[in-house]
Enquirer: 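First the structure, which I've put down as structure tokens, then a few questions once you've had a look.
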Amino acid sequence: MATDRRTAILESAARVIARRGVRGLRMEELATEAGVSTALIYYHFTDRVGTLRHTLEHTSDRAERYTSDRDGSDGPRDARQELEQSLLLEFQDVPEVRENSAVWGELRASAIFEPELRDDLARATLDWIHDVAHLLGRIHPTTPAPALAASAERLTGLLEGLATRWLSGALSLAHARGLVREAVSIELHRLGAE
């Protein structure tokens, strides 16, 4: 039961952040959204920063699920298809993905003003870079790790920027996905030439 309430609080926090931003997150509103008391939020997460940290972790876990979830209906994928698919799944016009992208962008922007979020955000970013570098390494197994990491950092940085433009309406979903495909091709060509 405690895990269910904890998850409900984190999902509510993601909804509130996606709707109002990190600066708009008020613990009283979060409690109302989650259907719990503010005391229970503080019991589970200690303070506002603890709530934000756990919301970042929850959001990263959700993204991991929807970017790596394969139903098997499309058959086996090679490493390049898996790489492209994991990146392209960050751009879906479904509420969970839009919400995750908004929360991630909000938390990243907030870390500029809330230094206590920086370490957690850096860890989550490094995990993502590592995952993308691993997929790149499956495509180009003889490429040195630093080159793979640099390529993964460029790709993940591009995705974050494109997500902000997509969510703000400055970029269509189709155009964002096309730019991702093009960036993957460029990076793979670059790695193959090294």
Side-chain angles (χ1 to χ4, degrees), residues 10-25 30 33 51-70 77 79-115 117-136 139 148-188 190-191:
L10 293 172
E11 289 182 4
S12 296
R15 279 193 305 276
V16 172
I17 291 169
R19 191 170 58 236
R20 295 193 177 283
V22 169
R23 290 188 175 184
L25 177 67
L30 173 55
E33 180 89 17
T51 303
L52 293 173
R53 284 182 173 141
H54 287 279
T55 302
L56 170 64
E57 184 179 313
H58 177 74
T59 302
S60 294
D61 290 346
R62 273 199 321 193
E64 176 72 23
R65 280 192 305 276
Y66 67 71
T67 58
S68 64
D69 189 21
R70 292 177 49 187
R77 291 190 202 138
R80 181 189 176 127
Q81 290 170 321
E82 195 172 330
L83 170 66
E84 270 191 8
Q85 189 69 9
S86 73
L87 298 177
L88 290 172
L89 287 172
E90 294 285 351
F91 295 96
Q92 301 178 63
D93 199 14
V94 296
E96 181 181 47
V97 175
R98 291 182 72 84
E99 182 179 280
N100 256 34
S101 291
V103 171
W104 183 262
E106 273 294 313
L107 289 168
R108 177 158 311 284
S110 292
I112 296 168
F113 306 104
E114 298 189 46
L117 294 176
R118 291 177 186 168
D119 288 343
D120 295 292
L121 195 57
R123 264 190 303 281
T125 301
L126 285 174
D127 286 345
W128 190 22
I129 290 168
H130 173 78
D131 291 345
V132 173
H134 175 74
L135 289 170
L136 289 165
I139 300 165
L148 295 171
S151 182
E153 192 163 7
R154 284 189 293 273
L155 287 170
T156 57
L158 174 70
L159 261 69
E160 287 179 344
L162 292 176
T164 300
R165 290 181 183 186
W166 166 54
L167 291 172
S168 68
L171 191 66
S172 74
L173 182 62
H175 189 57
R177 292 175 70 96
L179 291 170
V180 170
R181 282 189 183 96
E182 184 178 349
V184 167
S185 291
I186 290 168
E187 289 299 331
L188 290 177
R190 178 186 203 149
L191 290 173

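We're numbering straight along the sequence, starting at 1.
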Enquirer: Out of curiosity, Leu159 CG to Glu90 CD, how far, rounded to the nearest 0.5 Å?
Expert: 6.0 Å

Enquirer: Ignoring hydrogens, what is the shortest heavy-atom contact between Ile129 and Ala149? Give both atom names and the distance.
Expert: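 It is CG2-O, 3.9 Å.
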
Enquirer: Heavy-atom count around Glu182 CD within 6.0 Å, excluding the residue itself: above 12?
Expert: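 Open.
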
Enquirer: Which distance, rounded to the nearest 0.5 Å, do you find between the CG of Asp61 and the CG of Leu56?
Expert: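 Separation between the atoms: 9.5 Å.
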
Enquirer: Rounded to the nearest 0.5 Å, how far apart are CG of Asn100 and OG1 of Thr67?
Expert: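 Output value for this atom pair is 9.5 Å.
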
Enquirer: Are the side chains of Val94 and Tyr66 in contact, using a 4.5 Å heavy-atom criterion?
Expert: no

Enquirer: Is any side-chain heavy atom of Ser110 closer than 4.5 Å to a side-chain heavy atom of Leu117?
Expert: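 Side-chain contact under 4.5 Å: yes.
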
Enquirer: Inspect the surroundings of CZ in Arg19 and state if more than 12 heavy atoms from other residues, nucleotides or ligands are less than 6.0 Å away.
Expert: yes

Enquirer: Supply the atom-to-atom distance Leu167 CG to Glu99 CD, rounded to the nearest 0.5 angstrom.
Expert: 11.0 Å

Enquirer: Mind checking salt bridge (Lys or Arg N to Asp or Glu O under 4.0 Å) for Glu187 and listing every partner two or more places apart, or none if nothing turns up?
Expert: Arg154

Enquirer: How would you list, by chain and number, every residue that makes a salt bridge (Lys or Arg N to Asp or Glu O under 4.0 Å) with Glu57, sequence neighbours excluded?
Expert: none

Enquirer: Search all heavy atoms of Ile139 against all heavy atoms of Ala79 and return the closest pair with its distance.
Expert: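 Heavy atoms of Ile139 and Ala79 come nearest at CG1-CB, 3.5 Å.
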
Enquirer: Are Asp127 and Ser60 packed together at the side-chain level, in the sense that at least one heavy-atom pair is separated by less than 4.5 angstrom?
Expert: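 A side-chain contact under 4.5 Å is absent here.
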
Enquirer: Arg20: which residues meet the salt bridge (Lys or Arg N to Asp or Glu O under 4.0 Å) condition with it, sequence neighbours left out?
Expert: Glu29

Enquirer: Just grab all the side chain to side chain donor-acceptor pair (under 3.5 Å) pairs involving residues 160-172, residues at least two apart or on different chains.
Expert: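 Passing the test, one end in residues 160-172: Trp104-Glu160, Arg108-Glu160.
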
Enquirer: Taking atom CD of Glu153 as the centre, report whether more than 12 heavy atoms of other residues, nucleotides or ligands fall under 6.0 Å from it.
Expert: no

Enquirer: Quick one: salt bridge (Lys or Arg N to Asp or Glu O under 4.0 Å) partners of Glu84, sequence neighbours excluded?
Expert: Arg80

Enquirer: State, with a plain yes or no, whether a side-chain heavy atom of Leu25 is found less than 4.5 Å away from one of Glu106.
Expert: no

Enquirer: Do Leu52 and Asp120 have side chains that approach each other closer than 4.5 Å (heavy atoms only, starting at C-beta)?
Expert: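 Not in contact.
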
Enquirer: Is there a side-chain contact between Leu188 and Leu136 in this structure, where contact means two heavy atoms from C-beta onward sitting under 4.5 Å apart?
Expert: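 Of all side-chain heavy-atom pairs linking Leu136 with Leu188, at least one is under 4.5 Å.
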
Enquirer: How long is the straight-line distance from CG of Leu191 back to CD1 of Ile186, given to the nearest 0.5 Å?
Expert: 12.0 Å

Enquirer: Ser12 and Arg15: side chain to side chain donor-acceptor pair (under 3.5 Å), yes or no, with the steps?
Expert: CA-CA 5 Å; Ser12 296; Arg15 279 193 305 276; 2.9 Å; yes

Enquirer: For the backbone of Gln92 and the side chain of Arg98, can you confirm whether one donor and one acceptor N or O come within less than 3.5 Å of each other?
Expert: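 Not a single qualifying donor-acceptor pair exists.
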
Enquirer: Between Phe91 and Val97, what is the shortest heavy-atom contact and its length?
Expert: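 Nearest heavy atoms, Phe91 then Val97: N-CG1, 4.4 Å.
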
Enquirer: Looking at CG of Leu87 and CG of Leu135, how far apart are the two atoms once the value is rounded to the nearest 0.5 Å?
Expert: 8.0 Å

Enquirer: Check whether the side chains of Arg62 and Thr59 place a donor and an acceptor atom closer than 3.5 Å, and report yes or no.
Expert: no

Enquirer: Residues two or more places apart in sequence or in another chain: which of them pass ring-ring contact (aromatic ring centres under 6.0 Å, His included) with His58?
Expert: none

